[in-house]
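Only a predicted model underlies this, so the values are computations on that prediction, with no experimental measurement involved. Numbering of ligands and ligand atoms starts at 1, following listing order.
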Amino acid sequence: MSEEEKFGSLARLFRLDGKVALVTGGSRGIGRMIALGFAEAGADIVLTSRKLPDLESVAAEVAQLGRKALPVAANIRHNEEHEGVVKRAIEEFGHIDILVNNAGTNVTYATLFDLEEKAWDVTMDLNLKSMFFLSQRVAAEMKKQGKGGSIINIASDAGFRPYPGMGVYSISKAAVRMLTEVFAQELGPYNIRANTIAPSVTRTRLSEALWTDDNNLRRKKMNTSLGRIAEPIEMAGAALYLASDAASYMTGQTLLLDGGEYSMIQDALKTLPRKDA
Ligand SMILES: NC(=O)c1ccc[n+]([C@@H]2O[C@H](COP(=O)([O-])OP(=O)(O)OC[C@H]3O[C@@H](n4cnc5c(N)ncnc54)[C@H](OP(=O)(O)O)[C@@H]3O)[C@@H](O)[C@H]2O)c1
C-alpha cells in the first residue's frame, strides 16, 4: 500500500458519514464550532439550547454544508426536558451516535464565604447533573441501537486548578472528569466511549470577562506556552477526533487543551538549584 493510500485510509477514520450527533449548547461558541465541524465531516446534527432563533441560524449553516440539522429549544438544566429532545432526535433521524455535552455556565464570581445556594444549584444542575441524566438517556438509546457511540463532555482547565472566584464552576468541572471515567467504565462493554475535553480560556461569550480585560488577557498569554488564548475551532478539532473512529481505542480520558499553561511549572523551576548558583 502506498503512503498516499495509507493517508487516505487514515483520513477516512476522521469522517462521520451516516452518524447523528446531538450537541447541547450548539447555538454559539464552542458548541457551534463542534456542530459545524461534525457536519463538515459528514454527520447530521441535533442542536439544542434555550433560544430557537439562534439554533435556527446555526442549522442554516449546517444545511449550507450539505447536512441536515434539527434545532430543538430546551433548557438542558431541567432534566424533564431531556426526553423531548431525545424523542425529537430519534423521530427525525432514527438514531444518535454521538453526544456532546457542551452546554455549561458560570453564573457568579464569588468566594467560598459569599457563594449563594442558588448559584451552586444552577451551576451544578447544568454543568454536572444534567450531563449525567441526558447521557443516561442517550446511552440507553445507543445501547439499544447496538452500534456503539461516543460521548464527549466539555469540562475546563478550571477542573484541574481553581480559577479565583470561580469555585463552584471549578468543582463542577473537576467532577465532570470523574463522571466521564464512570461512563467509560460502565459503557465500555457496549462500545460506547466517553471522553472529556478541558479547554482553557477560549474566545466565546462565556469567558468574555476573562479575555476583554487587558490585565487578565496579558497574564493568560504570559502563562501559556503558545502565548495566546484559544479559538473555538481548536476545541472542535479535538471533539472531531474523539467522536470519530480515529479515537476508537480511547475512552475515559481528558484532553487538556490549555496551550501549555506553564506558570505552575515555572514556579516549580524557580525552586530548583541552578547550575550557575
Ligand atoms: N470559553 C471558555 O473560555 C471555556 C473554557 C473552559 C470551558 N468552557 C466550557 O465550554 C462549554 C461551552 O462554552 P462556551 O464558551 O462555548 O459558551 P457560550 O458561548 O456562552 O455558549 C454556551 C452555550 O450553551 C447554551 N446554554 C447555556 N445554558 C443552557 C441551558 N440551561 N440549557 C441549554 N443550553 C444552554 C447557550 O445557549 P442559550 O444561552 O441560548 O441557552 C450556548 O449555546 C461550557 O461547558 C464551558 O464551561 C469554556
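The atoms of ligand 1 that sit less than 4.0 Å from any heavy atom of Tyr169 are 6 (C), 7 (C), 8 (N), 9 (C), 46 (C), 47 (O). For ligand 1, the atoms lying closer than 4.0 Å to a non-hydrogen atom of Ala103 are 24 (O), 34 (N), 35 (C), 45 (O). Residue contact check: Pro199 has heavy atoms under 4.0 Å from atoms 5 (C), 6 (C), 7 (C) of ligand 1. Using a 4.0 Å cut-off to heavy atoms of Ser49, the atoms of ligand 1 that qualify are 33 (C), 34 (N), 37 (O), 40 (O), 41 (O), 43 (O). Atoms of ligand 1 found under 4.0 Å from any heavy atom of Asn102, numbered from 1 in the order shown, are 11 (C), 12 (C), 44 (C), 45 (O). Residue Val201 approaches ligand 1 through these ligand atoms, each under 4.0 Å from one of its heavy atoms: 3 (O). Shown in contact with Arg205 at under 4.0 Å from a heavy atom are these atoms of ligand 1, numbered in order with element: 19 (O). Short contacts between ligand 1 and Leu126, defined as distances under 4.0 Å to a heavy atom of the residue, involve ligand atoms 28 (N), 29 (C), 30 (C), 31 (N).
Ala41 and Phe14 make their closest contact through CB-O, 3.9 Å (heavy atoms, listed as atom of the first residue, atom of the second, distance). Pairing each heavy atom of Arg219 with each of Asn216, the nearest pair is NH2-OD1, 2.7 Å.
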Going by atom type alone, with no hydrogens or angles, which donor-acceptor pairs under 3.5 Å involve a side-chain atom of residues 78-87 and a protein atom two or more places apart or on another chain?
from, atom 1, to, atom 2, distance (Å)
Glu81, OE1, Asn75, N, 2.7
His82, ND1, Leu134, N, 3.4
His82, NE2, Ile76, O, 2.8

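The shortest N or O to N or O distance between Gly31 and ligand 1 is not below 3.5 Å. At least one N or O atom of Ser207, backbone or side chain, sits closer than 3.5 Å to an N or O atom of ligand 1. For Thr202, a nitrogen or oxygen atom sits less than 3.5 Å from a nitrogen or oxygen atom of ligand 1, counting backbone and side chain alike. For a threshold of 3.5 Å applied to N or O pairs, the pair formed by Asn75 and ligand 1 contains at least one separation below that value.
For the pair Arg177 and Phe160, the cation sits on the ring face: its NZ or CZ lies under 6.0 Å from the ring centre, inside 45° of the axis.
Transitive grouping of hydrophobic side chains (ILVMFWY, heavy atoms separated by less than 4.5 Å) keeps Val100 and Val46 in distinct clusters. A single hydrophobic cluster is not seen to contain both Leu179 and Tyr169; linkage of ILVMFWY side chains at heavy-atom distances under 4.5 Å, directly or through other members, places them apart.
Using a 4.0 Å heavy-atom cutoff, Pro232 is absent from the residues neighbouring ligand 1. Residue contact annotation: Lys173 has a non-hydrogen atom under 4.0 Å from ligand 1.
Checked by atom type, the side-chain pair Ser49/Asp54 shows no donor-acceptor distance below 3.5 Å. Between the side chains of Asp114 and Tyr109, no donor-acceptor pair is found at a separation under 3.5 Å. Using modelled atom types and a 3.5 Å distance limit, the side chains of Ser200 and Lys220 yield a donor-acceptor pair.
The closest side-chain heavy-atom distance from Ser27 to Leu47 is not below 4.5 Å.
When non-hydrogen atoms are compared, ligand 1 lies under 4.0 Å from neither the backbone nor the side chain of Ala198. At a heavy-atom distance under 4.0 Å, no atom of Ala230 approaches ligand 1. Residue-level proximity to ligand 1 for Ala158 is absent, since no heavy atom of it falls below 4.0 angstrom.
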After noting the C-alpha distance and the side-chain angles of Glu61 and Arg32, does the key distance pass the side-chain contact (heavy atoms from CB on, under 4.5 Å) rule? CA-CA 10 Å; Glu61 293 183 275; Arg32 171 179 165 271; 2.8 Å; yes
